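Read through the structure below, which is laid out as structure tokens, and then see the notes.
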Protein chains: 2
Amino acid sequence: MKPSQISLRDIAEALDVSVSTVSRALKNHPDISEETCRKVQEYARRVHYRPNAMALGLKQQRSQTIGVIVPEIVHHFFSSVISGVEDLAYGSGYRVMICQSNEDYLREVINVQALADHRVDGLLVSISKSTLDQQHFRQVLDQGVPIVFMDRISREIPSDRVITNDYEGARMVVSHLLGQGRRRIAHLAGPQHLCVGKERYQGYLRALKEHNIRLDEERVIRCDTPARVEQKKAQLLDLAGRSDAIFAVNDFTAVAAMRLLQDNGFVIPEQVAIAGFGDDPIASIVRPTLTTVEQRGYDMGREAARLLIKRLGEEGSEAYQTKTFPAFLKVRDSG
Amino acid sequence: MKPSQISLRDIAEALDVSVSTVSRALKNHPDISEETCRKVQEYARRVHYRPNAMALGLKQQRSQTIGVIVPEIVHHFFSSVISGVEDLAYGSGYRVMICQSNEDYLREVINVQALADHRVDGLLVSISKSTLDQQHFRQVLDQGVPIVFMDRISREIPSDRVITNDYEGARMVVSHLLGQGRRRIAHLAGPQHLCVGKERYQGYLRALKEHNIRLDEERVIRCDTPARVEQKKAQLLDLAGRSDAIFAVNDFTAVAAMRLLQDNGFVIPEQVAIAGFGDDPIASIVRPTLTTVEQRGYDMGREAARLLIKRLGEEGSEAYQTKTFPAFLKVRDSG
DNA sequence: ATTGTCACCGCAAACGTTTGCGGTATGGTT
DNA sequence: AACCATACCGCAAACGTTTGCGGTGACAAT
């Protein structure tokens, strides 16, 4: 029971041939006799030989690995994205290294570097909320590591992108609320330096304008997590008292708000309608079920991986693509 | 703008010194003059030099990386575990490679091999539901890669383990239901070849016995996912009709069952009490809130990583440990 | 002038692969 | 007998590091 892994050398010595012969025999190189191939392969199988990925990567200057950085895997959307990435990547012979930034800029920088150190062939990234500076991305790009941004994309960095039509999704769902007769619609907004936050806010504005309703800025609150809902409890209850609908930037915030309101005697949706964004599984579990916008995480992950691997395959740099996934309105019971 | 990464050689040539000098200068080796150190470090910083992790790993015969395999990261418990692992690992200078088996045996085998190929220094594993054969684990163990099992542990393989006291947790929660006067308690059980499924079932049995209630085998159904709840809808409704409480092996199954019952006119908990296991965030979101058993994923992840890294540090093989985390009863509104 | 002591640095091997090239035997043609 | 293919295999370099050892020059002590 040796605590070490078999190398080509071990096989070569055991069979009294050279390392190169073993290497070639394992891939059925025509220069090697069938006899030798058979013997080598048989022995290799018997001792469970597995090539050293690090040595391979060093030699070929690529790791057949793509790195993924998302804010938090606990969110269903991101874990769906990851599943999509994994499925496509595995199917194309790539492995996947997953990291989470925990919405922390520093952690994101460290992750980018760690993945670059491991010489991943490319990166799939969803930017953290606290990231303002984007030098770390430029750096790996300059080192020849392509990046495809997903959902939380960078506006500054030219690259492939995969996004949901956040603007249209938000417009649709707010428009739906308006169509139900709601007029005083509040918005729990995400950070405006992120595309998703901004686009959804813009969609909200657009819908209001289309219905000739003028924006009441007091009805827009920066609040995009259950923790923030708890924190701004008083303000939210006050807001709910003078509104007839709430559109939250994501589903878990919407659900948290719904709970807060219900616990304080509001009847949903009769008094206040609520809508979210993302179609998290939780949206179909809460009562009333949550009206929201479907966002196809799995498909987005697949597409992002596809774009990346395509770019890895080509020499010259093709023009960058932005793939926009349509948003689907999911009308349920909350509004 | 070369699409390639800086190596020690590049620095050496630029500064007209040898590669070894650069290597030593970067780590302030006493053999190198301050002057040279300064020049090298400055230049390295300027061109954003980063050591090649593959070359490093090859040379030192360890990757400073630990591999993690969990069934599905969408489950809050497992993503908490991962966060715990990451935090401790990063703090100890290790990187983390995350894989999910999707509860699929083949995927698990592939993941184990891929991680072994990358020469991770050790493995943290939560076994997939469909895994019966465990040869793939023995194999990497024989290659000298230690494994710490978490939650979904292996009974056959001697190793370090980190688990929750599933037996006691289940006993407590069922005992609580009995204390509330419930007598006809059904159990939605997990697969019995997994420790968690078996232990929780045993805890259920134990609680019954303690209250001198004899087991009605018709009240135990193999059902541990929302999908299965949907699938066995009729059977569950029938069961609910002749029971006054349900104990599900995990929270999302409990919630799915709760929804099914509510949609069919059952009043929870008045007619049927419901309890789950795990204290998923969803447990506090549904109404009535779900009585369940808290399972500290984050702490378990940390502990597993700690055990693994400790084992990596030592030469001789210390005795294997099994760290059991206590279970905490969370009484809420559903039972 | 010889020797010794440092401070500073380079050579080269090694980690596990892949691969271009060259080598040896075998057999068949002239 | 000389030559040429062909089939099969090994040598060695390279990928980017680390590190033991040896080397060089300066300076001081004999």
Side-chain angles (χ1 to χ4, degrees), chain A residues 2-41 43-44 47-65 116-121 143-145, chain B residues 2-41 43-44 47-65 116-121 143-145:
Chain A
K2 287 269 180 46
S4 114
Q5 323 212 26
I6 306 291
S7 75
L8 286 187
R9 216 179 109 128
D10 298 324
I11 303 183
E13 282 173 2
L15 264 43
D16 208 41
V17 290
S18 77
V19 171
S20 15
T21 300
V22 175
S23 173
R24 283 190 256 253
L26 286 175
K27 28 183 75 65
N28 287 310
H29 192 288
D31 266 10
I32 309 298
S33 70
E34 281 189 29
E35 162 81 3
T36 311
C37 278
R38 200 187 44 71
K39 273 203 310 199
V40 169
Q41 290 176 9
Y43 186 83
V47 297
H48 299 124
Y49 168 74
R50 300 246 78 214
N52 184 321
M54 294 192 296
L56 249 162
L58 229 206
K59 178 70 190 166
Q60 339 231 68
Q61 296 293 81
R62 63 208 161 93
S63 53
Q64 290 287 47
T65 300
D117 289 355
H118 276 271
R119 300 302 190 263
V120 292
D121 297 338
Q143 291 172 359
V145 182
Chain B
K2 287 271 180 42
S4 110
Q5 321 213 27
I6 306 291
S7 74
L8 285 187
R9 217 178 107 127
D10 298 324
I11 302 182
E13 282 174 1
L15 264 43
D16 207 42
V17 291
S18 77
V19 171
S20 15
T21 300
V22 176
S23 172
R24 282 189 257 250
L26 285 176
K27 30 183 75 64
N28 287 312
H29 192 287
D31 266 9
I32 308 298
S33 70
E34 280 189 29
E35 161 82 2
T36 310
C37 279
R38 200 185 45 71
K39 274 202 309 200
V40 168
Q41 291 176 9
Y43 186 83
V47 298
H48 300 125
Y49 168 75
R50 300 244 78 214
N52 185 320
M54 295 192 294
L56 249 161
L58 227 207
K59 178 67 190 173
Q60 339 231 68
Q61 296 293 80
R62 63 208 162 92
S63 54
Q64 291 286 47
T65 301
D117 289 355
H118 276 272
R119 300 300 190 265
V120 292
D121 297 337
Q143 291 171 0
V145 182

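Note on naming: letters A, B, ... go to the chains in the order of the sequence lines (proteins, then strands), and numbering restarts at 1 for each one. All values reported here derive from a predicted model rather than from experimental measurement.
Between B:R38 atom CZ and C:dC8 atom P the separation is 14 Å, expressed in whole Å. If you take NE2 of A:H29 and C1' of C:dC21, they are 12 Å apart, rounded to a whole angstrom. In this structure, the CG atom of A:D117 is 10 Å from the P atom of D:dT17, given to the nearest Å. Atoms CG (A:L26) and C1' (C:dT19) sit 15 Å apart, rounded to a whole Å. Between the P atom of C:dT19 and the CG atom of A:L8 lies a distance of 12 Å, rounded to the nearest Å. In this structure, A:Y49 places its OH atom 7 Å from C1' of C:dT17, rounding to the nearest Å. One interatomic measurement links the two molecules: CG of B:L58 to C1' of C:dA14, which rounds to 10 Å at whole-angstrom precision. The separation between B:Q60 atom CD and C:dA13 atom P is 20 Å, rounded to whole Å.
Shown here for B:I11 and B:A44, the closest heavy-atom pair between the two residues is CD1-CB, 3.9 Å. B:Q41 and B:N28 get closest at one heavy-atom pair: NE2-OD1, 2.9 Å. Annotation for B:Q143 and A:H48: closest pair NE2-O, 3.7 Å, computed over non-hydrogen atoms. Minimum heavy-atom separation, B:D10 to B:Q5: OD2-O, 3.9 Å. Taking all atoms of both residues into account, the shortest heavy-atom contact from A:D121 to A:R62 is OD1-CB, 3.2 Å.
The side chain of A:K27 contributes no N or O atom lying less than 4.0 Å from OP1 or OP2 of C:dT19. The side chain of B:K59 contributes no N or O atom lying less than 4.0 Å from OP1 or OP2 of C:dA13. The shortest distance between the side-chain N/O atoms of A:Q61 and the OP1/OP2 oxygens of D:dG16 is below 4.0 Å.
We find that A:R38 and A:E34 are not joined by a salt bridge, their nearest charged nitrogen and carboxylate oxygen being 4.0 Å or further apart.
Residue-level contact check: A:S7 touches the backbone only, with heavy atoms under 4.0 Å from sugar-phosphate atoms and none from bases.
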Enumerate all atom pairs, one protein N or O and one N or O from nucleotides 26-28 of chain C, separated by less than 3.5 Å.
none

Take A:T36 and A:T21 through the test side chain to side chain contact (heavy atoms under 4.5 Å, CB included) and record every step on the way to the result. CA-CA 9 Å; A:T36 311; A:T21 300; 4.0 Å; yes
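In this structure, the side chains of A:T65 and B:H118 come closer than 4.5 Å at one or more pairs of heavy atoms. When side chains are defined from C-beta on, B:L8 counts as touching B:L26, because their heavy atoms get closer than 4.5 Å.
With the end axes of the helix from C:dA1-D:dT30 to C:dT30-D:dA1 each set by five pairs, the angle from one to the other reads 90° at 10° resolution.
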Return a table of donor-acceptor pairs under 3.5 angstrom between the side chains of residues 49-56 of chain B and protein atoms on other chains or two or more places apart.
unit_1	atom_1	unit_2	atom_2	d
B:R50	NH1	A:Q113	OE1	3.4
B:R50	NH1	A:D117	OD1	3.2
B:R50	NH1	A:D117	OD2	2.8
B:N52	OD1	B:M54	N	2.8
B:N52	OD1	B:A55	N	3.2

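Looking at residues two or more places apart in sequence or on another chain, you find no side chain to side chain donor-acceptor pair (under 3.5 Å) involving A:S23. In this structure A:D16 satisfies the side chain to side chain donor-acceptor pair (under 3.5 Å) test with no other residue, sequence neighbours excluded.
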How would you summarise protein contacts on nucleotides 6-12 of chain D per nucleotide, using B for base, S for sugar-phosphate only and - for none, with heavy-atom distances below 4.0 Å? --BBBBB
